[in-house]
Amino acid sequence: MIYGQLLIGLINGSFYALLSLGLSIILGLLNIINFTHGALYMMGAFAAWLLLAHAGIGYWPALVLAPLIVGLFGMVLERLLLSRVYRLEHLYGLLLTLGLATVIEGLFLNEFSAIGRPYPIPRALTGVWQLGFMTLPIYRAWVIAASVTVCAATWLVIERTKLGAYLRAGTENPALVGVFGINVPRMVTITFGFGAALAGLAGVLAAPIYQVTPLMGGNIITVVFAVVVIGGMGSIAGSILTGFIVGLIEGLTKSFYPEASSLAVFILMAVVLLIRPTGLFGRATTLTSNAGASSHAPPVLSGPAKAYLMPALVMTTFLLVAPAMLYPAFLMKALCFSLFALSLNLLLGFVGLGSFGHAMFLGTAGYITGYTAKAWGWPPEAAIAAGIGMSMLLGAVVGFLSIRRQKIYFAMITLALGELVYFFFLQIPFSGGEDGLSPVPRGRLLGVLNLENDITLYYLILALFLAGFFLVFRAVHSPFGQALKAIRENEPRAISLGYDTDRIKLVAFILSAGVAGLAGALKVFVFHIVSLPDVFHSTSGDVILMVLAGGVGTIFGPVVGAFLIVGMQQYLAPLGTWVMVVEGAVFALCVLSFRQGLVGQMAKILGRPL
Amino acid sequence: MTTQPDIVLETRDLTKAFGGFTAVDKVNLRIRRGAVHALIGPNGAGKTTCFHLLTKFIAADSGQILFNGRNITAARPHQVANLGIVRSFQISAIFPHLTIRENVRLALQRKQGWDYAILKPEAALATLDDRADELLAAVGLTEDPSTIGASLSYGRKRALEIATTLALEPSLLLLDEPMAGLGREDIARIAELIRTVSRDRTIIMVEHNIKVIADLCDTITVLRRGRVLAEGDYATISQNPEVVDAYLGGGHG
Amino acid sequence: MDEPAVVLHVLELHAYYGESHILHGMDFRVHEGEVVALLGRNGAGKTTTLKSIVGLVSKRRGSIALRNNELIGRKSFEIARLGVAYCPEERGIFASLTVKENLTLPPVTNPGGLSAAAVFELFPNLAERQHSQGTKLSGGEQQMLAIGRMLVSGARLLLIDEPTEGLAPVIVAQILTILQRLRDQGYTIVLVEQNLRFLSSLADRSYIVEGGRVVDVFDAARFAANIPKVESYLGI
């Protein structure tokens, strides 16, 4: 039993190692966390499957061809798109690859649906070996051997060859390598291609074990991010080793405490972050005073509070009369997401912190509110308060673990912790698992107002939305908000003026979690249900898109963005999975050429803050 | 052992190594209250590292830092700032997308202890505007206070940085190459500003411009390869053969 | 005797780091086979001048002509391939590379590049340590490695930033010998240097840099005769 689980762990570890290896190489040289890595892995598997299904090309040629195809695709991606964001804040690279990953996965979902497709084990590798203490399927032994070999060979190439020397030198100081006559842009393209090819290879290896599905990449990528955080930056061998270690730990957990196996990686990550913030094999970095050289979010016009009065009145008036024109359900959903987007924008726009796991707050509050209302019969006001409270508590823990790390790491850590929360709710019985928690009764507010009436609920949500909006607005314009902006603009300088920036960021994080919690609590009542998508990373991606499309760092942008994206999801719903493609494309487009967002652009045109 | 009252800042055997390279090697500094004290030396002498150590942006490997006789070796960077030791940076450090008034106000509100005043309205901040504008005027920034920081010329950004720093009323000011990247007129202006500012406080500066140093500084410490090579006023230092050698090259001979 | 051809001609060069205006119209030229020094106090713009030539400073205007090629607008690696080698002040030894890997990093882009063996012949103590980590070498050895590395690509124009900085007198003497030998082999060298004694037996011409521009120039003869004046430019 334990050997079987360890074997599975080792298999998973094989994939983690291959993927985190490619991810680390790319991260080292390009300083980009490549979100498309999961999609590239999935493409590798599909390339093998397609080669077999449509061209009759079998496993062995596919083992070479698929990585080649994926690698070339990666190179095109890098040249055409990624190379455009190198000069920007690193967060944009992450956002762009997130958008691209969504497009790719959406296209595949559209073409192949979510159905898993089996891929046969090649004949030479069928069968099992009886080892006495366990039965070892030959294909699994092959996967482990292949992964170890490829990882070791890659390590050798990087550490022992001239080509590897270029890569190592380029990771240390790309500018100087250029001065020595090496074409660095080309090297970057090739490196990205190689990392992509490794992901493709992992995909082919995985095809006979797992079902080939468009979702396979999205499922594994967050684990791989956690692996990179655990391993730390700066060590190739470290990232390989961590991949296998994490796989094994997962396997061990599965044999002793199966419910926690999917959580194990993320718990391990949290522990490592507490004990050794730079990761197991990472090098320590010191706080440098490279001040002033920062290029944060695009400059946004801001103004005194009263400058926002008119647009705020217009917004309020519109929302007051809106139920006469639009479905209350749509409006309520859009308002909930507006609050959610406002909470994210508080961090992303005003502190410069990109949280990629923000759905954990939406979902956690949703589950707590839903459970207290449904199982314990708490009145809505108490259930909402409980949801917000729990969300803020979670915010304190997550914030404590993540805010000390720099931007792209912050993004990875929040994403991984978000996954931890997701798996927690997947496993914990009270959440209803895949089915979700329903039906949640809306109840009577303060024992008086019957919320089962859509219009009543709408005006309650509107009132709370306005309260949340005002809270965020007030916070942004308070002395605290000024301190946040100072951190965004130039953190070392803020410290040198005496600001305890870590603590201020933590307070902002908790505040943001609270507003996100309000959004999540209200959303439960709208749909009578809270379910796994509310805590899933795709929802975290959606809310980033809302903020980006509306305008990062603007006051009204998140609201406009939320209405836009929720509307798009609603009205494009007949298009099915194409919605995902459209969303991803909008995402990528926003990053590439519309970084001010709709409201930011409007503010620029009107020459006034919005 | 007590420190003499007229010593503001003292380091004892301050040491920091990066890898195998000892950037700051058992440095003992004694900065007199009210002095303008320069740290000079060839490139790589450890001046900027010294600054990072004094302001706790980098932790020392060994040695002590005493501020007004109090051991601050274990303090965090923001705590050092709140004790009255405020530093500037080589690249002018402002908050580029905020207005010049907001820049200065950030220092003023820090002193008010409003760091976590989430619900305090903008009106409260407005009470600091007069003081902010005064400080801006004091450094010659007489333009509209709602000017965005990023739109200032480089020299005027330096002035804004100094105004912001002064708002904290620091007792000890650390200036890291205040003249770097400035044109001639700006150098004269900023030098004048530093002179004015130095009346009520102690200043430590790292600077390459010898004219400025000769002009402004009472005491000069020369560092070389992480160690103190010499210390004294300009006349003494400029005659010191070892210092001359450090600058003009000790060689074969 | 004909004046040798101009290899490098820097004209009205302005350079910026962000908004910080560092070079305010640098002007100088370097002839084939010459050793030219840029002298000046810290912060005068000497390093920035070298960095501008090799394309490490992106914001520049004016002209940097390498024979008939304008370098402004070209990428670093293209400039290197035109036969320019550069040794930064901090020497640019990569910590993750061995001594030999550091040495052979630059691709051979011009005929006449030295092999690793030839460089080891020039610097025997590097040969012994060729498998150790580059940054584990002593300062002097690192400097020799950095100079040796410039000879690998076949470049004939060497830009060297403060080769004697922080080095013991014995090592400085060794470096001087090496540079003299390179000069005798016909390399063209631009040096940033503070050490006057070092320069007096090496430089054909010395430009004094102050405030981002050239303020004076001494040929070898004038240099020797005017040491006090030069010192007044540099001294404390």
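Both backbone and side-chain heavy atoms feed into the values below; hydrogens, waters and symmetry mates do not. The chains referred to below are lettered A, B, ... by the order of the sequence lines, with proteins before strands, and numbering in each begins at 1. On a predicted model such as this, the values are computed, not experimentally measured, just so you know.
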(message) Counting only non-hydrogen atoms closer than 4.5 Å, does C/Leu56 touch chain A with its backbone (N, CA, C, O), its side chain (CB onward), both, or neither?
(response) side chain

(request) With sequence neighbours left out, write down each residue that passes side-chain contact (heavy atoms from CB on, under 4.5 Å) with A/Ala486, or none if nothing qualifies. (result) A/Ala494, B/Phe95, B/Leu106

(request) Answer with side chain, backbone, both or neither: which region of C/Ala95 has an atom nearer than 4.5 Å to a non-hydrogen atom of chain A? (result) both

Step through the atoms of chain A and chain C and list each donor-acceptor pair whose separation is under 3.5 Å.
unit_1   : atom_1 : unit_2   : atom_2 : d
A/Lys162 : NZ     : C/Thr104 : O      : 2.5
A/Arg168 : NH1    : C/Ser96  : O      : 2.6
A/Arg168 : NH1    : C/Glu101 : OE1    : 2.9
A/Arg168 : NH2    : C/Glu101 : OE1    : 3.4
A/Arg168 : NH2    : C/Glu101 : OE2    : 2.7
A/Glu172 : OE1    : C/Ala95  : N      : 3.0
A/Glu172 : OE2    : C/Ala95  : N      : 3.0
A/Glu172 : OE2    : C/Ser96  : N      : 2.7
A/Glu172 : OE2    : C/Ser96  : OG     : 2.6
A/Gly178 : O      : C/Phe77  : N      : 3.3
A/Gly181 : O      : C/Arg81  : NE     : 3.0
A/Gly181 : O      : C/Arg81  : NH2    : 3.0

(request) Name all residues meeting the side-chain contact (heavy atoms from CB on, under 4.5 Å) criterion together with A/Ala226; count only those two or more places apart in sequence or in a different chain, and write none if there are none. (result) A/Val265, A/Phe266, A/Met269, A/Ala416

(message) For chain A, which candidate among C/Val54, C/Leu82, C/Ile79 shows the most heavy-atom pairs at distances under 4.5 Å?
(response) C/Val54

(message) Just so I understand: if I count every heavy-atom pair under 4.5 Å between each of C/Pro107, C/Ala80, C/Pro88 and chain A, which residue has the most?
(response) C/Pro107

(message) So which atom in A/Ala169 and which in C/Leu105 form the shortest heavy-atom distance, rounded to 0.1 Å?
(response) CB-CD2, 3.9 Å

(request) Count the heavy atoms of every other residue, nucleotide or ligand shown that sit under 6.0 Å from CG of A/Leu163, and state whether that count exceeds 12. (result) no

(message) Give the interface residues of residues 174-181 of chain A toward chain C, defined by a heavy-atom separation under 4.5 Å.
(response) A/Ala175, A/Leu176, A/Val177, A/Gly178, A/Val179, A/Phe180, A/Gly181

